[in-house]
Amino acid sequence: MNSDYEPRKIEKKWQRFWKENKVFSCERSNKRKYYVLEMFPYTSGTLHMGHIRNYTIGDVLARYKLMQGYNVLHPIGFDAFGLPAENAAIEKNIHPQKWTYDNIRVLERQLKELGLSYDWDREVITCNEDYYRWNQWFFLKFYEMGLVYRKKAPANWCPSCQTVLANEQVVNGRCYRCDTEISQKELTQWFLKITQYADELLEEIENLRNWPSTVKKMQVNWIGRSYGMEINFRLSDDLTPIPVFTTRPDTIFGATYLVLSPQHPLLEKILVRNPGIKDAVERMKKDQLKKGEVEKEGIFSGFWAINPVNQEKIPIWIANYVLMQYGTGAIMAVPAHDERDFEFAKKYGLPIRVVIRPPGSNLNEETMSQAYVEEGEMVNSAQFSGLPSEKGREEISKWMQAKGMATPKVNYKLRDWCISRQRYWGTPIPIIYCEKCGTVPVPEKDLPVLLPSDVKITGKGGSPLSRVSSFVRCRCPRCGAPARRETDTMDTFVDSSWYFLRYASKKHDCLPFDPEEVNYWMPVDQYIGGIEHAILHLLYSRFFIKALRDLGLIKVGEPFKRLLTQGMVIKDGAKMSKSKGNVVDPGEMIERFGVDTVRGFILFAAPPEVDLEWKEQGLEGINRFLRRVWRLVNEELDRSGQEKVKVRAEFLEIYRSGLKGKERILQHMVNKTIKKVTEDIEERYHFNTALSSLMELVNFLYQFPDKGTSVYREALAILVLLLSPFTPHICEELWQRMGYEESVVKQRWPSYREEFLKEDEVTVVIQVNGKLRDKICVQAGMAREEVERLALHREKIKRYTQEKKIKRIIYVPDRLVNIVVE
RNA sequence: GCGAGGGUGGCGGAAUUGGUAGACGCGCUAGACUUAGGAUCUAGUGAGGCAACUCGUGCGGGUUCAAAUCCCGCCUCUCGCACCA
């Protein structure tokens, strides 16, 4: 019998076996389903350690659930549209399509080398015509529903990517992808009305019980719902209304000035009368494009406003700290009770008026050093003075509403999703512009609008498609007159918002998916990916699913039941990156140690949600462990011969009552390990502790004297089964060598029995005054009095209790005795 | 600034409900086998101390028979948001 562990050899063998026998292909059935999904890779470059970690975690779950008897859907595909393909075209003069497909081929090969349990028949590639045509189809459906619209608006423009970006894609004023500073550009863009779902997106977050709270919190903040009032101030000279939004109408009597955003429409009028401030306004506009907080700056507009509640005349300022995008682009400033207004008022010497008094104390406008933003008692507020601010807020709102001064208003930070991209490598937006008929959607029967292949990509001068006249020129589907096609393509986040539905229904061509299939498999039971998509992809997908539900295409309203955001793979304390030179090539590691070792290390080194420090010595540790397992099994085969080792499909000895001595201890050990591994996978995804308990079992088996018995051999078989989701190749090989014919994947996951978990003897800790002084070994379940008597008679304990009065004795059954003296 | 999550040996990390702190692995030390060992096996390994013991989970307090775990205050690190009215 060959007893060298040669990982590369057996890994190739079993990968071929899985493929040829279609071990992981799945069909809808009446079995319990389990849909495990990892975020699909973007098709640039090769796989890095982060991918490997992501897919390994998913693979453990998929294999475990298979052995648990679930009908498991575990698919993979490629996020294939996007800008890097165009950059490659510019830099290397390769067509984006060729570049993408070349990369896909490499990625496929790499993925297959990892021995992942994918159903490859369900592969989805988003740049394929049979995929992106459905993006267009959804677009048309959304258009009919009024969920998609076009408007001219200031857009986030990335000068490097030469395209606009959605709000979510701007991080600290920079492009989420290339880190270039974003500028604003007035453009006509297509938007998806995600704000229509703002309330539902927000409210359903709390039902996502198995999502990390950080991600949920981030989404809540991103949606940013706040309740308040829109109050109408007006200009003092004419009656032009100036609506402002506030969440604190209870502070309105403390409003000492008004502030307009430098982009406020009233500026037009103001600048006519007061052209001297134009430069300052322009400068403030620029300030607002900067990331982060800038020094507050403002200028008096020369105009005055009237406070509707007391007819007071207050100055109107223009300042860089008021954003046009939120609320009405104008605020009432209450410096005494708002930190920003306070800072601004101090800087410009504007009046401060206290209208909320902290409970039990007073505020002095002259001496206060910061705004008081908490609740309190209303003062200086006419008939509302004396009310608690919470109550006053309601009263004053009702009163203003009755007087027609204000209306209740809900504001969101979330804005509609801009999906237009002035790029080539994406889904063409299926719209035609006709002189006579205006904006006309491409009829469904004319889909797909194919992306032309003969395009020059230069990265300059607007959308590449606009220069392909054969694409642009078309006929109006309504009147037949010559017309022009939309040349923007869709944001690639559209592609990733529904790819998991396509997986669930292979090759359906009259609809984006077969609703029956999708209703069977959805929702995704476990989604795994990086935290960087906490907002972007995860919010867009949630929105998409809700929209498709409202279209009647699917039943579920949330796509991902449980979410795991895995930590990064770091080295020398930093994220792996080319610039730092700390990148570890997965291929090289696999070549040297084998896939099972790489997988094992990733799973063992840290729990999945925390960052993982890459240490080659750790790899050696796992490799050593696998070789120990290998040796343990092969030595047994050499000793007793293969035939004798083969045990029945049901383990009989390990579950037999009445075992004695060492066999009883082994039985206990095996049962304990089954329980531990099962619970660590099932409940906590703590694969590191699952593996450590398997290591303990292996250490135990090494020391076990009576090798060759049925109990021992069954223990080995169970070890192989328990280890198989983590390091499947070596386990398949060992399983086969043990004489089994069916793949390890097809085996039932071992179960444990409660009765064998109990220990016959337990160690009871003896403390005196809470300090550990001694330990005794007693029969499990021994009576309290008996244990206490034994404890008190120990020599070591007597030393501490002699001549002292025993106040009480705390007893925790089978664990601890604490003797409290004096 | 606001919000969230961390801080445990030389290192990665265990300790699931308050009940033996440091499982498991790495590293290290010693020994065995060996021509050899960067293979393998055995033993040891939180700190101090000859020992009995003492100290020990970021720091300081508290609750409790008992605290890494609960409470209060502080320090520090990471992440997210950053003028959202």
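Chain A is the first sequence line, chain B the second, and so forth, proteins listed ahead of strands; every chain is numbered from 1.
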* To do: Ignoring the backbone of Lys413(A), work out which of A66(B), C83(B), A82(B) is nearest its side chain.
  => A82(B)

* Asked: Should the pair Glu375(A)-Arg393(A) be classified as a salt bridge under the 4.0 Å nitrogen-to-oxygen rule?
  -> yes

* Expressed as a whole number of Å, how far does the P atom of G46(B) sit from that of A23(B)? -> 8 Å

* Side-chain N,O (Asn221(A)) to OP1/OP2 (A4(B)) below 4.0 Å -> no

* Which nucleotide sits closest to the side chain of Met695(A): G27(B), C24(B), A85(B)? -> C24(B)

* Is the distance from OP1 or OP2 of A85(B) to the nearest side-chain N or O of Ser226(A) less than 4.0 Å? -> yes

* Whole angstrom value for the distance that separates C1' of C81(B) from CD1 of Ile531(A) -> 13 Å

* To do: State whether Lys707(A) and Glu636(A) are salt-bridged, where the test is any N-O pair (Lys NZ or Arg NE/NH1/NH2 against Asp/Glu carboxylate O) under 4.0 Å.
  => no

* Asked: On a whole-Å scale, what distance lies between the C1' atoms belonging to G73(B) and G19(B)?
  -> 27 Å

* Do NZ/NE/NH1/NH2 and the carboxylate oxygens of Lys798(A) and Glu795(A) come within less than 4.0 Å? -> yes

* salt_bridge(Lys672(A), Glu759(A)) N-O dist < 4.0 Å -> no

* Asked: Distance under 6.0 Å and angle within 45° of the ring axis: does Arg773(A) meet both against Tyr800(A)?
  -> yes

* Report the relative orientation of the aromatic rings in Tyr372(A) and His337(A); use parallel for angles under 30°, tilted for 30 to 60°, perpendicular for over 60°. => perpendicular

* Is the Lys NZ or Arg CZ of Arg562(A) less than 6.0 Å from the centre of Tyr685(A)'s six-membered ring, within 45° of the axis? -> yes

* **Strand-adjacent residues in residues 804-815 of chain A, judged by heavy atoms under 4.0 Å from RNA chain B** => Arg808(A), Ile810(A), Val812(A), Arg815(A)

Tabulate atom names and distances for all N/O pairs under 3.5 angstrom spanning the protein and nucleotides 37-43 of chain B.
{"residue": "A39(B)", "atom": "O3'", "partner": "Arg627(A)", "partner atom": "NH2", "Å": "3.4"}
{"residue": "U40(B)", "atom": "OP1", "partner": "Arg627(A)", "partner atom": "NH2", "Å": "2.6"}
{"residue": "U40(B)", "atom": "O3'", "partner": "Arg631(A)", "partner atom": "NH1", "Å": "3.3"}
{"residue": "C41(B)", "atom": "OP1", "partner": "Arg628(A)", "partner atom": "NH1", "Å": "2.6"}
{"residue": "C41(B)", "atom": "OP1", "partner": "Arg631(A)", "partner atom": "NH1", "Å": "3.4"}
{"residue": "U42(B)", "atom": "OP1", "partner": "Gln703(A)", "partner atom": "NE2", "Å": "3.3"}

* So, for Phe344(A) and Tyr321(A), is the gap between ring centers shorter than 6.0 Å? -> yes

Shorter than 3.5 Å, N or O on both sides, protein versus nucleotides 51-54 of chain B: list them out with atom names.
{"residue": "C53(B)", "atom": "OP1", "partner": "Arg799(A)", "partner atom": "NH2", "Å": "2.8"}
{"residue": "U54(B)", "atom": "OP1", "partner": "Arg773(A)", "partner atom": "NH2", "Å": "3.4"}
{"residue": "U54(B)", "atom": "OP2", "partner": "Arg773(A)", "partner atom": "NH1", "Å": "3.1"}

* To do: Stems involving RNA chain B: give each as a range paired with a range, ordered by first number, where a stem means at least three consecutive Watson-Crick or G-U wobble pairs under 3.5 Å.
  => B:1-7 with B:75-81, B:10-12 with B:24-26, B:27-32 with B:40-45, B:46-48 with B:53-55, B:58-62 with B:70-74

* Asked: Hey, does the side chain of Asn307(A) reach the backbone of Ile252(A) with a donor-acceptor pair shorter than 3.5 angstrom?
  -> yes

* Can you name the side-chain hydrogen bond (donor to acceptor under 3.5 Å, both in side chains) partners of Trp211(A), sequence neighbours left out? -> none

* Geometric cation-pi criterion Arg631(A) and Tyr5(A), 6.0 Å radius, 45° cone -> no

* To do: Would you classify Val322(A) as touching base, sugar-phosphate or nothing, given that sugar-phosphate means primed atoms plus P, OP1 and OP2, and contacts are heavy atoms under 4.0 Å?
  => base

* Taking CG from Leu772(A) and C1' from A67(B), how many angstroms apart are they, rounded to a whole number? -> 15 Å

* Going 5' to 3' along nucleotides 7-16 of chain B, which nucleotides have protein heavy atoms under 4.0 Å from the base (write B), which only from the sugar-phosphate (write S), and which from neither (write -)? -> ----SBSSSB

